[in-house]
Amino acid sequence: MLTLPIINLFSLPLILGTMITMSSSSWLMAWMGLEMNLMGFIPLISTHSNKRASEASLKYFLIQTIASSTFLFSFLLSSSFSIIQFTMMTPWMIPFMVILTLSVKLGAAPFHMWLPTVAEGLSWTNCLILMSWQKMAPLSIISMIFPKNPLIIIIATLSAISGSMGGLNQTSLRKILAFSSISHMAWMLSSMLISKMLWLFYIFIYSIIISSIILCFAPFNMLHINQVSTNQNKKLNSLITINLLSLGGLPPFLGFLPKWLIMFYLLQMNMFLMVSILIISTLINLYYYTRISYSSLLLINSNNKWMKTKTPPLTKQLPLSMISLFGLITSMLTFTLL
Amino acid sequence: MLLEKLLSQSFTSAFNLFNHQQLIKPLFWGCSKKFSAPLLVVPIRGSFWERDIKGPRYRKKTERNYLDDMKYGIKELKNEVQLWKEEMSEKFQYDPKVYMPDDSEIVWTFDTKEKLNQWVCTSDSDNKDGFSHCDLTLSKNKKGLFSGFLDCRVPKDGQIKESGYCNIRCLRARKSFKRDSFFDWQMFTHLILRIRGDGRSYMLNLTTTGYFDVMWHDIYNYILFTRGGPYWQVAKIPFSKFFLSSKGRIQDKQDPIPLDKITNIGITCAGKTPGPFQLEIDYIGVHFDGNHTEEFAYEMYNVPSFIVGV
C-alpha cells in the first residue's frame, strides 16, 4: 500500500537522482543519478494493490534497466570517463549508442511503444511523474553532450510523427497523454538544436499544463473519453478544454509560448522541413485533444433530476488553469515592460 | 522401527521435492487443516513456475507433420492477408467508436452454425474428470442451446475429489496472422445476456489472461441466476460486480476487472445437483449505463504494510 512514509522515503532518491544527473560532470555520476531515480520511482509505482500497476511497473523496470545497462556499457567505451564530452577522436558508434539508450529511457520514437502501456497501468500521480520529472535527467545528458547531432533530428521527427499518429486511435485518457508526451518530446529534442537551456523552459511549461490536466482528471477518477463526455460539471469541462487547447499549443494559451520560441529560432536556422513536421504533428495532436472535450461542451447530454451528486469546488484546479489561460499574455506583457 | 519409518519418509519426501510427481500440498496451497486433504485435482508441481498454460496433466503430445503444417499455412495466408487489410483500413480511419449513455453493442449472436463454431464446449468427461456431457447446438428458435447432463459421480482414480462441470467458452479474440488480441470493453459498464434458463445458477467467466505466468489463469466470475419459466430474461450484470479468481480459487486481493484485457467469455454449469440442464442464449452483449457509478463492489481492508500479499 502506498502510505505516506513510503512516499517520503522514496521521493528523496527520485528527486536527488535527477539532480545528481543534471549537475554531474562525469559519466559515472550521471549514470548513478539515473539509477537512483529509477530505484526511487519503482517502489512508488509498484506498491499499488493492483495487478495492472504491478505489471506496468515490471515492464517499466525491465525497459529502464536494459537502457541503463546499455548506457553504462556505451559510455565506458569513451576516452574521457571523468568528463562528459566526446572529442573528435571518438568513434561515431559511441555517441550513437548513448543517444539511443537515452531515447529508450525517454520513450522517444522509435523506442516509444512501452510508454502508453506503462502509463495506462499507473495511477494519475505516477503518470504525471513519469511524463514530467522522469524526462529531465536523460534530456539533461543529451543537452550537455550533443547539441547538434543529426540523430537527434531523426529521433525528433520520428517522435513527432508517431506521437501524433499513435494518439488518434485511442480512447483511454492516459494513453492519449502518453502519446502527447512523445510528441512533446520531439519539440524538446528539436529545441536542443537551438540552445542548451530552451528544453528546460519547454519542460517547465509542459509540466505546468500536464499537472493542471491531471488535476482535472484525477479527483474525478476519469480514465476514459466516455467519462469526460458524460460529465455534467460544466466548469470542469471548460477547464479541461482550456488546458487541452493549451497543451496543443494554441494561442492565446500558455502552451503556445515555448512552441513559438522554438519555431522562431528553427526558422532562423532555415530548418523549414523540421518546423513543418512539428507543426503538422501538433495539429493532429490538437484534433484528438479537442475530441476529448468537444462532446461534453457541444453535444446535449441528459441530466437526471433524481440523481443529485454534489460537485466538489474546483479550488485545486483553478490556479493552474488560470496560469494556462493567462500565462502567455502576462509573460508577453512582462517581457515588453522589461 | 518407528524411527526407521520416520527417517525413510523424510528422506523420500526430501528426494521427491524435486520430483514433480510428488504431491506438494499445504506449503504451497496454504490449506493447513489436514495434511492429507486433496483438492479437486492433485497438483503435481513443486514450484509456482509453469511451463505452459494447459498444465502437465492436460498437455497432449501431438506429432507434427511439418509439410501438412506448411500446406495449411499457405491456405490460411489468403484469409489472413484479407483480415490484415481490413485491420489496417480500420486503423487508418482514425475514428474510434465512442458510445453514448444507454448504448449497447451485441457481441455474440447464436443464430447460425458458423457462429456456434466460435464457441468451445467442454465437460469433465473430456478431461477424464467425470461423466458429464454437454453440447452447444442450434435450437428450434435459431438460438444457441447449451444443454447436457451434469453428472456428479466421481471417477475412481484416487485423485479426484469432486466432479461435475460443463462449460462453453468463446475462442480467444484474434487479429490477423493468428495474433492474440483482447476485447476492449472499457467504454461499457454492463454485460447483457438474453437467455432462457432452467432455474439453475450458472457461472459467468471473463478470462483476462495476462502476459506473465502468474496471471495466465485470472478469471473474473459472477453468477448468472436464471428463471425457469418460458419467458426470456435479459440479465444485465455490471462489470463492477465481477470478482477475481485464479484456477478456481477466489483471490484475497481483489481488483476491478481490466476491461481492455478480456480474452474470453465463458459460461459454466457446475454444482452438486446432478441432472439435465439447458440454457438457451439469444445474444451476449455489452451496455453503457451512464448512471452506473460503482467502480468496484468489493472493499479491501486497509491492512498494515507488513502484511504480505495484500
Side-chain angles (χ1 to χ4, degrees), chain A residues 1-7 9 43 47-56 58-59 62 116-117 120-121 164-176 220-232 284 287-288 291-292 294-296 299-307 309, chain B residues 87-103 182 184-189 208-216 218 220 244 246 251-261 288-296 298-310:
Chain A
M1 290 293 285
L2 194 66
T3 55
L4 199 59
I6 294 173
I7 297 169
L9 180 64
T47 51
H48 211 281
S49 55
N50 185 346
K51 66 182 179 118
R52 193 196 196 115
S54 53
E55 194 175 329
L58 184 62
K59 284 181 189 167
L62 287 170
T117 44
E120 213 189 2
S164 55
M165 302 302 240
L168 276 173
N169 229 355
Q170 302 299 330
T171 49
S172 167
L173 290 173
R174 285 175 293 195
K175 272 193 172 170
I176 288 173
F220 302 95
N221 208 16
M222 288 190 206
L223 303 168
H224 201 266
I225 278 184
N226 259 3
Q227 291 165 321
V228 182
S229 61
T230 54
N231 187 26
Q232 304 300 327
I284 298 170
Y287 166 67
Y288 61 74
R291 193 168 59 188
I292 295 170
Y294 87 97
S295 55
S296 61
L299 294 180
I300 300 164
N301 275 327
S302 61
N303 202 351
N304 291 316
K305 278 188 179 175
W306 51 267
M307 212 163 132
T309 50
Chain B
E87 263 174 39
M88 287 294 116
S89 70
E90 203 184 307
K91 188 177 178 183
F92 286 110
Q93 277 171 19
Y94 294 125
D95 193 18
K97 274 187 188 174
V98 179
Y99 293 89
M100 300 307 288
D102 293 327
D103 277 352
F182 302 99
D184 187 2
W185 293 338
Q186 274 188 309
M187 288 162 277
F188 302 101
T189 53
T208 53
T209 308
Y211 183 76
F212 302 107
D213 63 346
V214 288
M215 294 169 188
W216 278 348
D218 284 356
Y220 286 82
L244 172 65
S246 176
Q251 300 300 299
D252 293 329
K253 192 162 135 184
Q254 286 294 326
D255 258 354
I257 182 169
L259 288 166
D260 56 337
K261 298 275 182 231
F288 174 36
D289 186 353
N291 296 326
H292 185 77
T293 52
E294 189 184 51
E295 286 163 20
F296 193 50
Y298 310 103
E299 280 184 10
M300 292 290 298
Y301 287 110
N302 208 358
V303 294
S305 44
F306 53 79
I307 293 181
V308 178
V310 181

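The chains referred to below are lettered A, B, ... by the order of the sequence lines, with proteins before strands, and numbering in each begins at 1. Here the structure is a predicted model, which is why all the values come from computation and not from measurement.
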Discussion item. Applying side-chain contact (heavy atoms from CB on, under 4.5 Å) to A:R52 and B:D255, what does each step give before you reach the verdict?
Written reply: CA-CA 9 Å; A:R52 193 196 196 115; B:D255 258 354; 5.9 Å; no
Item to complete: Select one option (side chain, backbone, both, neither) describing which atoms of B:F92 are under 4.5 Å from chain A's heavy atoms.
Response: neither
Worksheet item: Should we say atom OH of B:Y298 is surrounded by more than 12 heavy atoms from elsewhere, each under 6.0 Å from it?
Response: yes
Item to complete: Side chain from CB out, backbone as N, CA, C, O: work out which of these in A:L58 comes under 4.5 Å of a heavy atom of chain B, or both, or neither.
Response: side chain
Discussion item. Are more than 12 heavy atoms, taken from residues, nucleotides or ligands other than B:E90, located less than 6.0 Å from that residue's CD atom?
Written reply: no
Worksheet item: To the nearest 0.5 Å, how far apart are CD in B:Q186 and CG in A:L223?
Response: 8.0 Å
Worksheet entry | Non-neighbouring partners of B:Q93 that pass side-chain hydrogen bond (donor to acceptor under 3.5 Å, both in side chains), sequence neighbours left out | none
Worksheet entry | Gap between atom OG of A:S172 and atom CG of B:D184 - 0.5 Å precision | 8.5 Å
Practice prompt. For chain B, find which of A:Q227, A:Q170, A:E120 contributes the most heavy-atom pairs closer than 4.5 angstrom.
Written response: A:E120
Practice prompt. For residues B:E295 and A:N221, report the shortest heavy-atom separation together with the two atoms involved.
Written response: OE2-ND2, 2.9 Å
Item to complete: Hey, could you give me the NE2/CZ distance between A:H224 and B:F188, rounded to the nearest 0.5 Å?
Response: 9.0 Å
Worksheet item: What is the distance from atom CE of B:M215 to atom OG of A:S54, rounded to the nearest 0.5 Å?
Response: 4.5 Å
